[in-house]
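Everything below concerns the one structure shown next.
Every chain is numbered from 1, with letters handed out A, B, ... down the list of sequences. Atoms considered below: every heavy atom in the structure, side chains included; atoms not considered: hydrogens, waters and symmetry mates.
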Amino acid sequence: VLLTKENLVSIPIKSVIRAHLENAADLAVMMRGASFSLKPVSWFETLCQRCEANLDGLRIAGEYSIGFAQELLADQPEIATILAILLAECAGEQPASAQQAIALLDHPSSEVRDWAWWGLRLAPCRHIAPELAKRALGSKPVDACVAMDILAFHRIPIARPGRIAQPDDEAAWFFVEAAGRSNIPWTTDDLRHFASHPTRPVRQAAWRASARRAAPGLLAFCRDAATRTDSIAAEALEFLGVVGSREDLDLLRIAVSHQQTAHAALSGIGRLGSPQSVPFLLEALTEPSLCESAAAVLERITGTKVTRGALPTAPASMTEDELDVWEPIAPIDALAAREWWSATAGRFNPDKQWQGGLCMSDQPLRDEVFDHLPLGIRYDIYLRERALAAGTPDWELETWIGKRKKPQIEMQGSN
Amino acid sequence: VNTADLRSDGIYVLGTGAQTPVGRSAPAAAAAVRCGISAYTEHSYLVDQHGEPMVVARAEWLDETPPITDRIFALAEDAAHEALGPLHATPTALRDVHTHLALSAESVPQSAIGHEILQRLASAVGVLHADSRTEFIAAGHAGGLLALENAVRKLRGGEAQLCLVGGADSWLDPDRLQTLDLQGRLHSMHNSWGFIPGEGAGFCLLATGASAYRFGLTPLAELMAVATGHETKLMGTQTVCIGEGLTAAFRGVLDPATPVAHSYCDFNGETYRADEYGFTICRTSEFFEDAGSFTAGAECWGDVGSASALLGMALATSSWKGGYAKGPVALVWGSGASAPCRGAALLREHSAPGEGN
């Protein structure tokens with residue numbers, strides 16, 4: 001009998017493994033931040049399935065995939081996402097892989113570090129958690145905060161509750177993200193502090209973290225901040241749409257009349273989703289500087305595209321190269337939009353909240369509603385429920401589609 | 001071992017093997033196909049009649065120079081090894097493996113060469129027999145399904161306990177490629193409806209439920225039915241194929257109680273094959289959950305001739321093993337250009353609900 005286990009082992013084909021690696025990395029890159037977009041859930045689901053399929057191809061090739069990913073890292077730093085996932089997955093059988101995965105966070109290239117962090121958010125965390133926990137106790141703020149963020153993303157309790165002293169912009173963002181998902185103390189004072197941070201992503205993260213933690217005084221502070229004229233106002237106006245009510249419409253309407261806050265306030269109106277704002281939005285359609293934002297908000301609330309006229313013809317003076325990149329925008333037909341609303345308004349109960357043409361006022365997290373909303377709208381609705389409705393489950397909406405509603409499984413597995 | 005729910009007279013797939021330009025094992029090839037990874041590449045020196053490099057799907061680990069029979073043998077040997085893998089812990093089972101191998105008449109024009117490949121395979125794999133327990137079939141793309149049909153007959157008749165069924169083929173012979181080019185069948189910038197020549201081998205190990213139980217082997221899938229048909233209106237003749245042969249093969253396996261969730265199609269890019277399937281589906285669509293749900297491996301590994309059907313089976317079993325299948329029932333079919341044989345096989349996931357006793 002010549003059959004042996006050894007000669008049954010598949011030999012990987014380098015070009016195919018490379019394609020799996022590059023495809024998986026590209027897809028994982030697209031997954032990052034997608035949860036804040038207005039793409040449909042089905043799009044994200046396909047993204048996850050395709051990424052998972054390529055990861056399967058890499059798992060079949062085992063260590064060869066890891067070795068090849070390490071080779072490609074210098075030229076394609078985004079492959080660090082996939083390398084981190086593969087290393088974390090095999091850390092159970094090969095403990096050294098856990099160290100290798102964590103070591104990616106110390107890579108000389110900042111891009112590799114960044115993509116490795118994203119990979120570790122997506123990876124199973126159970127076997128790398130002890131290493132991360134050690135790192136979270138370290139003295140370098142950014143390293144500690146990155147580790148805390150990954151642990152918190154997987155809902156693993158953090159042994160170092162408390163503010164990191166003097167975090168830089170990067171560390172501050174990781175800290176706030178971690179605080180929103182963990183046992184780190186988080187109060188309105190923390191919101192006040194980080195919502196005034198000079199960096200916009202940190203300010204946005206602070207509002208999300210407060211909603212996730214149902215921080216007391218969130219709504220009052222949001223209303224107060226929305227009336228200010230400094231940099232804090234824009235995010236507050238946007239977030240007032242998430243946690244506010246139709247009583248806040250006047251405040252938002254006034255903010256639309258100020259050039260500095262107009263677009264943030266319109267965004268807040270869209271998130272608020274009150275049909276009572278529609279007449280105001282129809283007026284805004286006639287304002288050249290606001291019409292596109294107002295149209296997007298109308299579409300967000302009603303789920304219906306605003307009527308537009310014919311596409312403009314290209315100016316005769318345009319060269320072929322200019323034509324290649326020319327993206328004409330059809331003009332909004334404000335009159336037709338008004339007529340449409342006159343005929344349709346009865347469908348929308350003015351006392352309720354609407355998003356994408358669906359009523360959000362009654363148990364919006366149930367599958368029949370929630371799963372039909374675009375990704376970014378889902379996120380806002382979830383944050384609203386989390387901030388205002390006691391007992392809202394702890395979901396993770398920035399991860400794989402299949403794991404979004406059960407992040408606590410990872411935490412349980414690590415104990 | 002999950003053998004408790006085996007039907008003693010059922011036919012089960014115990015192992016699969018695949019050697020393709022996109023993967024050197026069944027799971028690796030299936031993962032690449034699932035991800036749409038293609039091995040299409042320009043031939044290193046052959047150009048078509050328009051002066052463009054020919055595009056082929058080549059097993060890159062094989063030298064370009066060996067004769068075609070050596071290529072076919074190399075592919076078949078590794079795929080057979082993989083399919084026989086489940087037996088490596090069951091030495092007694094190895095004594096009686098019957099072999100049915102499909103090769104193409106074009107790549108192996110003389111039956112003596114086919115038998116030679118079988119003999120080499122028997123010698124290399126070590127458990128096969130180059131005697132009356134082996135069969136060599138040359139019936140085009142559907143040859144693998146004809147070989148499967150013969151194997152099932154043997155298993156059901158008690159003539160064999162275990163059957164290894166395979167298909168191996170390669171178009172990557174300069175003479176074959178040039179002939180295809182002259183016939184206008186090569187896919188190129190100038191011919192959108194041609195095909196990309198490929199090469200590969202697919203094998204599967206079959207047994208009855210009773211044998212699987214006796215040897216303690218867990219099946220990958222149940223082969224619910226296999227059938228072949230005969231097409232009289234062949235490609236390149238003054239006739240119009242309306243899928244009669246393929247319809248006969250489909251009707252031989254389809255069952256309204258087990259609608260097909262996904263099909264593994266023997267498409268290769270030529271319109272003849274697509275039209276044939278279209279006519280066939282028009283007559284049999286009620287047996288499908290969604291006739292548009294299919295995979296065509298040739299999109300990734302090119303046209304692999306008589307290996308195509310067995311590779312389709314490897315894709316189906318890998319999808320169940322990997323947990324990404326569209327449903328519990330899959331159809332694999334094979335057609336052909338110059339050979340009249342048409343074939344189809346219906347497979348069911350082993351652990352699917354509704355399994356017999």
Within residues 42-74 of chain A or reaching into it, pairs that qualify as ring pair (Phe, Tyr, Trp, His ring centres under 6.0 Å) - sequence neighbours excluded: none
Separation between CZ of B/Arg34 and NE2 of A/His20, rounded to the nearest 0.5 Å: 10.0 Å
Residues, nucleotides or ligands: over 12 heavy atoms within 6.0 Å of A/Arg50 CZ: no
Interatomic spacing from CD in A/Glu22 to CD1 in B/Ile37 - rounded to 0.5 Å: 10.0 Å
Close side-chain approach of A/Pro12 to B/Arg24, heavy-atom, < 4.5 Å: no
Residue part contacting chain B, namely of A/Asn54, when any heavy atom lies under 4.5 Å: both
Which atom of A/Ile60 lies closest to which atom of B/Pro27, heavy atoms considered: CD1-O, 3.3 Å
Heavy atoms from other residues, nucleotides or ligands near CD of B/Glu60 exceed 12 (cutoff 6.0 Å): yes
B/Glu299, CD: over 12 other non-hydrogen atoms inside 6.0 angstrom: no
Closest-packed option against chain A by number of heavy-atom pairs under 4.5 Å, given B/Gly23, B/Ala31, B/Cys35: B/Cys35
Over 12 foreign heavy atoms within 6.0 Å of NE2, A/His372: no
Sub-4.5 Å side-chain heavy-atom contact between B/Asp78 and A/Ile11: no
Residues of residues 15-22 of chain B within contact distance of chain A, non-hydrogen under 4.5 Å: B/Thr20, B/Pro21, B/Val22
